[in-house]
Amino acid sequence: MKKFYNLAPGPTEVPPELLLASAKPTIHHRTKEFSQLFKSVSSSLKSIFKTQNDVYILVSSGTGAMEMAVANVLSASDKAYVIDAGKFGERWGQICKTYGVDTYIEKLEWGSCYDVSMLENYLSKNPDCRAVFTQLSESASASTLPIKEIAQITAKYPDCVLVVDAVSGLLAQDIRMDEWGVDVLLSGSQKALMLPPGLAFISFSPKAERANERSNLPKFYFDYKKYKKNLEKDTSPFTMAVNMIYALQWSLHRIDEEGGVDTILEKTQKYAEAFRAGVQAIGLKLLSSCPVNGLTAVVVPEGIDGKKLKEEFYTRFGITIAGGQDKYAGKIIRVAHMGYFAPSDVILALSALEMLLFDMGYKLELGKGVATAERLLYKGC
Ligand SMILES: *Cc1c(COP(=O)(O)O)cnc(C)c1O
């Protein structure tokens, strides 16, 4: 019997109960009833962002929120500093250039750790830089960036905002918008929030609001001021994806039931650590020296066809995982640990990986990776 599992780092597995929760009549988005629901989910999102600032809900994928950030805090020919640690960092550079921003791109080797002295150096020479763009979790290389340390530096520059893409990071890797001093924080629905694709979320600090006052880049759909004015009336400027809001309500409720953000972060970390130890126990290497918890990028061993490995996960075990992008196509596989995820998923992924590699001629002791992970997982399972 064919059985399917989604262990890809986005869109991640969606709980069937969440889909059922969204299968309700589509009430009109300009009603009192909808406004009440919208107000409650918008305000619950603040605790996930760890902020007192408002969190805006957008009908778009995560990239829409990235574009909104750029268009709302910068002006034409402003200087911006982009940390390009992979595909998504590269996207920051592309968006900035599209808007005519004077963009400096700090390109890192995929999987290497970011040294904040690079930013200190750049800003000391370019004190007129208006924004720093980065990721909490760079999904292409499964690496994390030191947001807290980066924020300590941008805090010294009153006109330079820190913009963090936490699409795959939020609810998988700790981020504290207010405590750390992140100015724009954004995320999407299809990663750790376990919703289908289609919504994005974004929040602006008072410093980012001041940047918005100065900003002259063109914007219409993603105009921050429109969202702000409408949220004051518990609504959105344009038609909201009503059924996705039911789904979001279910997700937020479930997150609470699971013990809240910090409990979920701890669990995700435990799953990631068990998976990483498991793959290392069978002699495999991680791509990243600064691994995130929401997903892991594993280097495919020499002589093994990585594209075939990824395909076989699906054809033989019904498991969807992700491969590598750009020069890492066929060289890495990426497996998620976030959102609707349980200890059994760690075991499933490792066990399939062992069997497939064994079949493809890689020398390993079957069960060694699984046993290593089990030893780390069994307590509190
Ligand atoms: C998934 C993801 C995005 C969003 O991509 P969309 O396809 O626009 O939803 C952005 N940044 C990171 C780090 C991601 O993992």
Side-chain angles (χ1 to χ4, degrees), residues 6-14 48-49 56-71 82-96 98 105-108 110-111 114 132-147 150 162-175 177 182 184-203 221-222 241 244 247-248 251 268 272 287-288 290-297 320-326 328 332-341:
N6 178 5
L7 300 180
T12 61
E13 179 82 10
V14 178
I48 297 181
F49 275 56
Y56 301 95
I57 302 174
L58 316 174
V59 180
S60 84
S61 84
T63 306
M66 293 173 77
E67 178 155 353
M68 178 168 177
V70 172
V82 166
I83 303 173
D84 175 353
K87 261 315 221 207
F88 293 99
E90 183 181 280
R91 189 168 298 174
W92 275 132
Q94 290 164 340
I95 299 171
C96 285
T98 302
I105 295 175
E106 191 81 79
K107 204 163 169 51
L108 305 188
W110 286 23
Y114 179 71
V132 171
F133 293 93
T134 189
Q135 268 73 30
L136 170 61
S137 156
E138 169 53 74
S139 315
S141 62
S143 299
T144 187
L145 288 115
I147 303 300
I150 292 172
L162 171 59
V163 180
V164 178
D165 157 9
V167 177
S168 68
L170 192 76
L171 211 58
Q173 190 86 20
D174 199 20
I175 182 94
M177 185 175 186
V182 174
V184 180
L185 183 61
L186 63 96
S187 194
S189 57
Q190 78 275 28
K191 309 272 164 89
L193 278 162
M194 49 190 175
L195 285 106
L199 293 182
F201 314 102
I202 190 166
S203 185
Y221 186 74
F222 290 125
M244 283 292 281
L248 177 60
S251 163
T268 310
L287 175 64
S288 181
C290 291
V292 279
N293 292 329
L295 68 149
T296 299
T320 301
I321 58 166
Q325 296 153 292
D326 292 357
Y328 289 96
I332 58 170
I333 54 165
R334 293 176 300 145
V335 177
H337 320 297
M338 63 185 148
Y340 187 50
F341 201 88

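Both ligands and their constituent atoms are indexed starting at 1 by order of listing. Numbering of residues begins at 1 and proceeds along the displayed sequence.
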Can you report which non-hydrogen protein atom sits closest to atom 11 (N) of ligand 1, along with the distance? D165 OD2, 2.6 Å
Return yes when E138 approaches ligand 1 closer than 4.0 angstrom through a heavy atom, no otherwise. no
The closest protein heavy-atom partner of atom 7 (O) of ligand 1 is S61 OG, 4.0 Å
L162 vs T134, side chain to side chain contact (heavy atoms under 4.5 Å, CB included): CA-CA, chis, key distance, verdict: CA-CA 8 Å; L162 171 59; T134 189; 4.2 Å; yes
Can you name the atoms of ligand 1, numbered from 1 with element, that are less than 4.0 Å from a heavy atom of G62? 4 (C), 6 (P), 8 (O), 9 (O)
If we only consider heavy atoms of S137, is any one of them less than 4.0 Å away from an atom in ligand 1? yes
If you measure only the distance, is there a donor-acceptor pair under 3.5 Å linking the side chains of S288 and S141? no
Please indicate whether any nitrogen or oxygen in F88 is less than 3.5 Å from any nitrogen or oxygen in ligand 1. no
Check for me whether K191 meets the cation-pi criterion with F88, that is, NZ or CZ under 6.0 Å from the six-membered ring centre and within 45 degrees of the ring axis. yes
How far is atom 15 (O) of ligand 1 from the closest protein heavy atom, and which atom is that? S139 OG, 2.4 Å
Any donor-acceptor N/O pair, T144 side chain to C290 backbone, under 3.5 Å: no
Per-atom contacts, ligand 1 versus V167 - under 4.0 Å to a heavy atom: 1 (C), 2 (C), 3 (C), 4 (C), 10 (C), 11 (N), 12 (C), 14 (C)
Please tell me if the side chains of E67 and T63 come closer than 4.5 Å, counting only heavy atoms from C-beta onward. no
Heavy atoms only: give me the nearest I105-G93 pair and the separation to one decimal. CD1-CA, 4.1 Å
Main chain of Q94, side chain of T98: is a donor-acceptor contact present, judged purely on distance under 3.5 Å? yes
Please assess V14 against M194 for the test side chain to side chain contact (heavy atoms under 4.5 Å, CB included), listing each intermediate value before the final yes or no. CA-CA 5 Å; V14 178; M194 49 190 175; 5.8 Å; no
Kindly indicate, with the supporting measurements, whether the criterion side chain to side chain contact (heavy atoms under 4.5 Å, CB included) is fulfilled by F133 and M66. CA-CA 9 Å; F133 293 93; M66 293 173 77; over 6 Å; no
Heavy-atom contact check, 4.0 Å cutoff: does Q190 meet ligand 1? yes
Ligand-residue contact atoms, ligand 1 with R91, heavy atoms, under 4.0 Å: 5 (O), 8 (O)
Ligand 1 versus T63, non-hydrogen atoms closer than 4.0 Å: side chain, backbone, both, neither? both
Is any N or O atom of Q135, backbone or side chain, closer than 3.5 Å to an N or O atom of ligand 1? no
What protein heavy atom lies closest to atom 14 (C) of ligand 1? Include the residue and the distance to one decimal. K191 NZ, 3.0 Å
